[in-house]
Participant: 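Shown below is the structure under consideration.
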Amino acid sequence: MVIFWLFSLAALASSLPPWQAVNGQAGLPLRDWARIAELSVIESPKSGRVVLEGKGMPPILMLPGTPFALRGGQFLRLSSSLARAKNGALLLSAAGANELFLPLWPKEPKGWPRPPGAPRGPAPCKMERPVRKVFLDPGHGGTDLGTSRGGIDEKAIVLRFADLAAQELRASGFEVSQSRTKDVFLPLDIRNRLAMEWQADIFVSLHVNHSPSATAQGTETYILSPDATDDEARRLALLENSAAERKAKSKASAIQDILWDMEQTAYLQDSAFLAAFVQESLVGTALRWMTERGLQGEWRNRGVRQAPFFVLSRAPMPAILVELGYLSHKRDREFLQKDIFLQSLAKALAQGIKKYRDICVP
Ligand SMILES: [Zn+2]
């Protein structure tokens, strides 16, 4: 019995490639990851690039010595670099391999290597810099009203909300700056530039939604993507982008700019975590707010979604765009005009950002 057990353990161990230390983490040669993922590795000594190819898979391009990768045109910043071992072999940590390969499949392939003691599930978020400075960007302003219904303008609601959120964030120890504190028009690229010059750690654009459907309701949070989650997200991005893009530029070329802009894509994973924490906090608070007042109905969690928002594209920091609620929905509109409701949501936004800081910053 004991002999058999030892034998089977040895057989299992020999079928797994041995783990190696890569940038202080457990990793494997890139060729082993590629073999398991059924990809072939092509190294180009001339360009220094490494290309991974497989049938029906988007090509992956990597640069040894850096954590950067392009996967089917999507720019990624992995949590560790592709390292070169003394014998010349390329090594990739398990965390890096998970980030790079696992999104290729609907679920984790059977037998996917995990270093001993590694937790399953998505890689935890990890910010490489402190989160102290939060830049709030109330959308629209001046001649750009945003969405408008029943004499109520998006630009006014988001400005009031930003002022309240700034107070809450300051009370939680953050430094806060706003793209605007008055009813003025600001082009989208200026908003990014202000955040960058101020060296913001987080960028939060604030908006209120509208829909031709009177029943559309609730909160959604966006992160940047060249591809929209669905038609509704695409429509919203075009609307928010065109509202302030008043240059003689076509919409198509504005979107093209976003596609080629790599600034935000390096922070997408962090943005996704930030968006998840903020979204959860906002929806939970809105629901609690209603329950506490004995109000019927629900506050819809419309989730974290992706769309090509211009205002997020040039932010070299985790960046999200929050659509607090729907001005086209009667009850949302009523709530969004109440300071007491906005105050609760402002507190919720600060709590979401705080959670992100506490969990993601080492
Ligand atoms: Zn807006």
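Remember, it's 1-based here, ligands and their atoms both numbered in the order they're listed. Both backbone and side-chain heavy atoms feed into the values below; hydrogens, waters and symmetry mates do not. Predicted model only: the values in this text are computed from it and were never measured.
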Participant: Taking all heavy atoms of Phe203 and all of Met317, pick out the closest pair and write down the distance.
Facilitator: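 Answer, listing the atom of Phe203 first, then Met317: CB-SD, 3.8 Å.
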Participant: Less than 3.5 Å apart, any donor N or O on the side chain of Asn301 or Glu280 sitting next to an acceptor on the other?
Facilitator: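 No, because no side-chain N or O of Asn301 sits under 3.5 Å from a partner of the opposite role on Glu280.
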Participant: Can you see which heavy atom on Thr147 is nearest to which on Leu327, and at what distance?
Facilitator: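 In terms of heavy atoms, the two residues are closest at O-CD2, 3.5 Å.
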Participant: Anything protein N, O or S sitting under 2.8 Å from the Zn ion (ligand 1): count it and give me the total.
Facilitator: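 Protein N, O or S neighbours of the Zn ion (ligand 1) under 2.8 Å, waters not counted, come to 5.
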Participant: Are the side chain of Thr221 and the backbone of Val322 linked by a donor-acceptor contact shorter than 3.5 Å?
Facilitator: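 Such a contact is absent between Thr221 side chain and Val322 backbone.
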Participant: Taking all atoms of both residues into account, what is the closest heavy-atom pair of Ala348 and Ser281, and its distance?
Facilitator: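 So the two residues come closest at O-OG, 2.7 Å.
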Participant: Under the salt bridge (charged side-chain N to carboxylate O under 4.0 Å, His left out) rule, what do Asp201 and Lys133 come out as? Steps first, then yes or no, please.
Facilitator: CA-CA 5 Å; Asp201 299 316; Lys133 299 168 86 174; over 6 Å; no
